[in-house]
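The first residue of the sequence shown is numbered 1, and numbering continues consecutively from there. Start at 1 and go down the list; that is how both ligands and their atoms are numbered.
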Amino acid sequence: MYTSFDETHLEKIVRLLKSHQSKFLSGQKLSQSLNLSRAAVWKYIKKLQSLGYKIQSRQNLGYKLVSKPDYLLPWELTDGLQTDIFGRKIYYFDTIDSTQNFALRLASKPYENGSVVIAKRQSKGRGRLNRKWISPKGGIWLSILLKPNFEVWQVSLFPMLTSLALTKAVENVLKLKPRLKWPNDVTLNDKKVAGILIDASIESNKIDYLVIGVGINFRIEPRIVSRLLKNSQKFYGITSLVGNKEKADSVELVQEFLYELEQSYYKVMSNNLKGITKEWTKRSSTIGKNVTVSTPSGPVKGKAIAIDENGALILSSKGKIQRVLAGDVSYRN
Ligand code: ADP
């Protein structure tokens, strides 16, 4: 595990190398700035190289950063992060059972509001209702822990707010136009590129904590993941946000997503959510369609006409209006 707060030497070396990107930085200068021996600097350079940084080293000249790895190392994420709370502490794993489970365990510790848990792969990623979430290398698997002072009903806003924040981040950073499938799927060409999972602990009508899980098929091999999912009940096809060799920065995407989501969080805090349903609806593929929603109490059919300010889906069928709080949507005709 690496964190954004323990690895201060690695982080400083990366920042110094970045600020000298086109030139060599002497080992002497690095060791003076960091107050470390030359041997210790060398050890950290080796460590960075093993993490995927390409660093040239030349005798008498020093070190030069050629490229950084394409995954979400915590000090890369905090470098340029525009948030106050979200992602101020980051825990990063090469492999973990589930980022959501780790974040749930963090909840009992102090000073973890806004902490983010990220993994390169998950061995037991989960979706809603304990469904499996396939999480190979190349995806973005993360969870955010919040200990908010909200009212309990406000938890139900988070699927809508999170999927909207992610969609906006994808629009801004990758210049793509994903759509939203109620309640919280993000799709591209009608295939799923991301899913969201909210776990909350509520005690005596107060939110103790909330963990927002997000799985993004950033750069995965859709065929391989699809094969594993073909028999799963609600499968309607998956896709990857970016292609295998396409240039795209997952760090920038996550930074933008955390920023957008934090803005929504502030809006919930100040009870200023006007416009959110409109923004969601504008990007929705669900509204206007004839749908079947599987709910815990059976299927509900109708035309999806709106979502209300709590994120519930409003259906109209033969002149009757129904409000659905949770379920899986499939599109008809
Ligand atoms: P969401 O989390 O999107 O609300 P679910 O909780 O239903 O949806 O997610 C679990 C379902 O998502 C699984 O049953 C499976 O069909 C599908 N799924 C699992 N892994 C992936 C993946 N990497 N990409 C897209 N869909 C997936």
For Phe24 and Gly62 the tightest heavy-atom approach is CD2-O, 3.4 Å
Lys/Arg-Asp/Glu bridge criterion (N-O < 4.0 Å) met for Asp79, Lys18
yes
When you measure from the centre of the six-membered ring of Tyr209, is the NZ or CZ of Lys147 under 6.0 Å away and within 45° of the axis?
no
Is Lys89 positioned over the aromatic face of Phe5, cation under 6.0 angstrom from the ring centre and no more than 45 degrees off axis?
yes
Parallel, tilted or perpendicular for Tyr63 and Trp42, by the 30°/60° rule?
parallel
Which parts of the protein, at residue level, reach under 4.0 Å of ligand 1 through a heavy atom?
Gly127, Arg128, Arg131, Lys132, Trp133, Ile134, Asn184, Asp185, Lys192, Gly195, Ile196, Asn217, Val225, Leu229, Ser232, Ile238
For residues 197-208, which side-chain donor-acceptor pairs fall under 3.5 Å, sequence neighbours excluded?
{"unit_1": "Asp199", "atom_1": "OD2", "unit_2": "Gln100", "atom_2": "NE2", "d": "3.0"}
{"unit_1": "Asp199", "atom_1": "OD2", "unit_2": "Arg126", "atom_2": "NH1", "d": "3.4"}
{"unit_1": "Asp199", "atom_1": "OD2", "unit_2": "Arg126", "atom_2": "NH2", "d": "3.0"}

